[in-house]
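Below: the structure, in structure tokens.
Start at 1 with the first residue, then count along the sequence.
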Amino acid sequence: MILAPKATSAYRGALRTDEDLINLMRSFNAPRSAIFAKLVVPSAMTWVMSGLKLNVGFALVGAIVAEYISSEAGVGHMILLGSSNFGMNIVLAGVALVMVMMLVFNALINLLERFVLSWERK
């Protein structure tokens with residue numbers, strides 16, 4: 001079974017939780033839900049955010065390719081029409097639009113990361 005990079009990185013981040021801290025919480029009779037919510041999730045959050053950064057790029061490329069292959073509208077279709085009609089201005093406009101979309105998504109993810117990982121700032 002192939003997992004998405006986000007799920008894989010979240011799983012690996014959860015596995016890297018400090019075992020001594022888990023044992024400490026168990027020694028204070030913390031329920032499993034509290035250990036998960038207060039220890040495992042925060043320690044895996046940096047990995048989740050890195051997986052999110054990867055997946056946003058994959059999702060954007062997938063959407064553009066899907067529009068390029070089998071759509072009647074969208075940026076991918078605009079790039080296809082421009083390339084088939086030798087309209088380099090249309091192709092470059094489509095590529096520039098994809099670049100702007102990626103920059104906006106990246107800025108939004110950076111804001112989310114700053115909010116979610118506010119405790120990690122040095």
Look up atom CG in Asn55 and atom CG in Leu60, then write down how far apart they are to the nearest 0.5 Å.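 If we round to the nearest 0.5 Å, Asn55:CG and Leu60:CG are 12.5 Å apart.
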When rounded to the nearest 0.5 angstrom, what is the spacing between CZ in Phe36 and CZ in Arg32?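 The CZ atom of Phe36 sits 10.5 Å away from the CZ atom of Arg32.
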Which pair of heavy atoms, one from [X] and one from [Y], lies closest together, and at what distance?
X	Y	result
Ser43	Thr17	OG-OG1, 2.8 Å
Ile79	Val91	O-CG2, 3.8 Å
Ala37	Val41	O-CB, 4.0 Å

Among all residues two or more places apart in sequence or in another chain, which pass the side-chain contact (heavy atoms from CB on, under 4.5 Å) test with [X]?
X	result
Ala14	Val40, Ala44
Arg26	Glu19, Ile22, Asn23, Ile35
Asp20	Asp18
Val61	Val65

Under 4.5 Å between side-chain heavy atoms, chaining through other members, with only Ile, Leu, Val, Met, Phe, Trp and Tyr counted: pull out the rest of the cluster around Met99, sorted by chain and number.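 Grouped by the 4.5 Å side-chain rule, Leu103 form the rest of the cluster around Met99.
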Transitive ILVMFWY side-chain link [X] to [Y], under 4.5 Å:
X	Y	value
Met102	Met78	no
Ile90	Tyr68	no
Leu97	Ile64	yes
Val56	Phe115	yes

Of all pairs that satisfy side-chain hydrogen bond (donor to acceptor under 3.5 Å, both in side chains), the ones with a partner from residues 72-99, not counting sequence neighbours: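 Residue pairs passing side-chain hydrogen bond (donor to acceptor under 3.5 Å, both in side chains), neighbours aside: none found.
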side-chain hydrogen bond (donor to acceptor under 3.5 Å, both in side chains) partners of residues 91-106, not counting sequence neighbours, each pair once: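 Non-adjacent pairs meeting side-chain hydrogen bond (donor to acceptor under 3.5 Å, both in side chains): zero.
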Test side chain to side chain donor-acceptor pair (under 3.5 Å) applied to Glu113 - qualifying residues, sequence neighbours left out: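 Side chain to side chain donor-acceptor pair (under 3.5 Å) check on Glu113 returns Lys53.
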Do Val48 and Val116 come within less than 4.5 Å of each other through their side chains, counting heavy atoms only?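 No, every pair of side-chain atoms sits at 4.5 Å or beyond.
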